[in-house]
Amino acid sequence: TSLNLLLKMSVMVLTSFRWEEERSTDGSKWRFLEHNGPVFAPSYEPLPDKVKFFYDGKHMKLSPPAEEVATFFAKMLDHEYNMTKKNEKSKITDLNKCNFSQMNDYFKAQSEARKQMTKEEKRKIKEENERLLQEYGFCIMDNHKERIGNFRIEPPGLFRGRGDHPKMGMLKRRIRPEDIIINCSKDSKQPKPPPGKKWKEVRHDNKVTWLASWTENIQGSIKYIMLNPSSRIKGEKDWQKYETARRLKKCVDRLRTQYRDDWKSKEMRIRQRAVALYFIDKLALRAGNEKEEGETADTVGCCSLRVEHIQLYPKMDEQEFVVEFDFLGKDSIRYYNKIPVEKRVFKNLQLFLENKQPEDDLFDRLNTSILNKHLQELMDGLTAKVFRTYNASITLQQQLKELTTSDDSIPAKILSYNRANRAVAILCNHQRAPPKTFEKSMQNLQTKIDEKQIQLSTARKQLKAAKADHKASHDDKSKKTVEVKRKAVQRIEEQLMKLQVQATDREENKQIALGTSKLNYLDPRISVAWCKKYAIPIEKIYNKTQREKFAWAIDMAEKDYVF
DNA sequence: CCTTAGACTTGGACCAAAGTTT
DNA sequence: AAACTTTGGTCCAAGTCTAAGG
């Protein structure tokens, strides 16, 4: 295989950058695609006989498939959530009568044992992982060897879902080769299914980017194996996304004027559309597709907001026309916000609420499809999510400009960067649970700061003493000592400042997740340009993976880049 | 027009590896 | 070298949006 790979790679064109290569115009995503297929979950290993399962107090020997399911439950025992599944057809009808404790103990012991592994054992595992990565983790797309994102198929287990999910606890079944559709090019060496097995299908569709797919049994949706963000195909798409957002920047004033105008429309559907768009623009809300009831957790976005999700306050504290939002958004993350709106918006909302029940749709004449169709007419390629990208990126750019001070130290500038990033994360409502060790880690940092402060005052005293000494003796040696002490003070001051900045940053970041906006919403060229302008090494902003993902931007953006 | 399948992007938690301190 | 902390990769979804089909 490696010889084969070499041969194929030797054909590769050695252009300087692949995002400068030509792309097709007929909607095809590639011409050549070759890969080795997915890695399947390891097959089930029955437990040793000594690990017993009890039902209703009585020992029961389970068949391997039933035992596997039992182990899923056993592994859940320590989790705070309770799986409320009514189990299998057989004798086991009541989960409460199942005693998984031996199994649970066994797995705990196993995980303990894993931690105690010798270096040698760890090395072996690492090597095996590396071997799998080399064999299955890459593909050839057109003239390039590309990293695959998720080449391992998800193992079977209990579906959890997020928030209050109606399907929590359902069995997620094992995926076999017979479930997999392979996609590759006709002239490639097709991946081989495991011995004695067959793929569901092998197709050659170059209008899509995935390498393999299967249908998952919980929602019946399709899962894909696709390329890593560092790949050409993902990078180009990403670039395109930001270019669309920049086109929105050019016409956003016009669109804003228009939707404000539409607040006065005599047609209800237009008013609703205009108010929804205002929220999407101002609050960076998601579009809010309809969801099938009972299939997923009850969450909403803009178009699917219900009456119960907003409260209107003609007057609140010092402000007029305040709208209070309180709903569960994507991943059941709560969105809570109180914002003053323009009188017209407020009046419209009152109108939309008339004669409605709490569970009725706020925008009953609107859905994402209608909204997006309208947006498409306003600007080519415009959809609701472009506003999120646009507002996130423009906010970063503005905040960076506002917060960065040229003669700040590098750590201080990075604090400014993180604050700009944070402004975006807050806008997009990217929250996280405070880390479990937050308080402790804050305390540790404070201890360090206190110590450093003591160190500093000692150093300052020493400097003073050295100065006095020098004044008295005026010799070279004492002059040198003064210099040495002066340097020491300076160094400690810097260290102290760095620690204080770190503490501020961490505190402000307690409940904010920066990752998502950094990875998905912020035009990387803004960050690259900022780094160049202030001579900040790009490594301070992007780690290795991120630099790989944003290679196109790092290559492209100069210090004067403007989003 | 409405519904649904399909493709692709966006999302936070968790945990092992890497890094740092004791 | 053990213990502890931080980082970043993986996991496992949950969204958005387009297009095909009825």
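Chain naming here is simple, since letters A, B, ... match the order of the sequence lines and numbering starts at 1 in each.
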Can you tell me the distance, in whole Å, between the [atom1] atom of [X] and the [atom2] atom of [N]?
X	N	atom1	atom2	answer
A/Arg152	C/dT10	CZ	C1'	10 Å
A/Leu375	C/dT16	CG	C1'	13 Å
A/Tyr542	C/dG8	OH	P	14 Å
A/Leu371	B/dC2	CG	C1'	17 Å

Legend entry - Parallel, tilted or perpendicular, as decided by the 30° and 60° cut-offs, for the rings of A/Phe100 and A/Phe73: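 Ring orientation of A/Phe73 relative to A/Phe100: parallel.
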Which of parallel (below 30°), tilted (30 to 60°) and perpendicular (above 60°) describes A/Trp530 and A/Tyr417?
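Rings of A/Trp530 and A/Tyr417: tilted, as their planes differ by 30° to 60°.
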Worksheet entry | Minimum heavy-atom distance between A/Thr504 and A/Arg419, given as atom pair plus value |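 For A/Thr504 and A/Arg419, the tightest heavy-atom pair comes out as CG2-NH2, 3.3 Å.
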Shortest non-hydrogen contact from A/Phe279 to A/Cys302?
->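 It is CB-SG, 4.0 Å.
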**Message:** Taking the nucleotide of DNA chain B with the nearest heavy atom to each, does A/His430 or A/Lys448 sit closer to the 5' end?
**Reply:**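 With A/His430 and A/Lys448 compared, the 5'-side residue is A/His430.
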* To do: Look at the side-chain N and O atoms of A/Arg432 and state whether any lies under 4.0 Å from the OP1 or OP2 oxygen of B/dG11.
  =>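 No.
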salt_bridge(A/Arg306, A/Asp360) N-O dist < 4.0 Å
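No, no charged N to carboxylate O under 4.0 Å.
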Original post:
When all nucleic acid strands are considered with a 4.0 Å heavy-atom cut-off, which category describes A/Leu519: base, sugar-phosphate, or nothing?
Top reply: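 The answer is nothing, as A/Leu519 stays clear of every strand by at least 4.0 Å.
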Quiz item: Of the residues in residues 215-228 of chain A, which ones touch DNA chain B at a heavy-atom distance under 4.0 Å?
Solution: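 Under 4.0 Å from DNA chain B: A/Ile222, A/Tyr224, A/Met226.
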Contact list please: residues 290-304 of chain A against DNA chain B, heavy atoms, distance less than 4.0 Å, in numerical order.
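Correct list: empty, so none.
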- More 5' along DNA chain C: A/Ala384 or A/Gly163, using each one's nearest nucleotide?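 With A/Ala384 and A/Gly163 compared, the 5'-side residue is A/Gly163.
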Item to check | Given DNA chain C, 5'-ward residue of the pair A/Gly149 and A/Glu154, judged by closest heavy atom | outcome: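 On the 5' side of the pair lies A/Gly149.
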Going by atom types alone, do [X] and [Y] pair a side-chain donor with an acceptor below 3.5 Å?
X	Y	value
A/Asp505	A/Asn418	yes
A/Asn289	A/Thr368	yes
A/Tyr242	A/Arg525	no

Practice problem: May I ask you to check if A/Lys172 and A/Phe159 form a cation-pi contact, with NZ or CZ under 6.0 angstrom from the six-membered ring centre and within 45° of the axis? | Solution: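 Not flagged: A/Lys172 not positioned over aromatic ring of A/Phe159.
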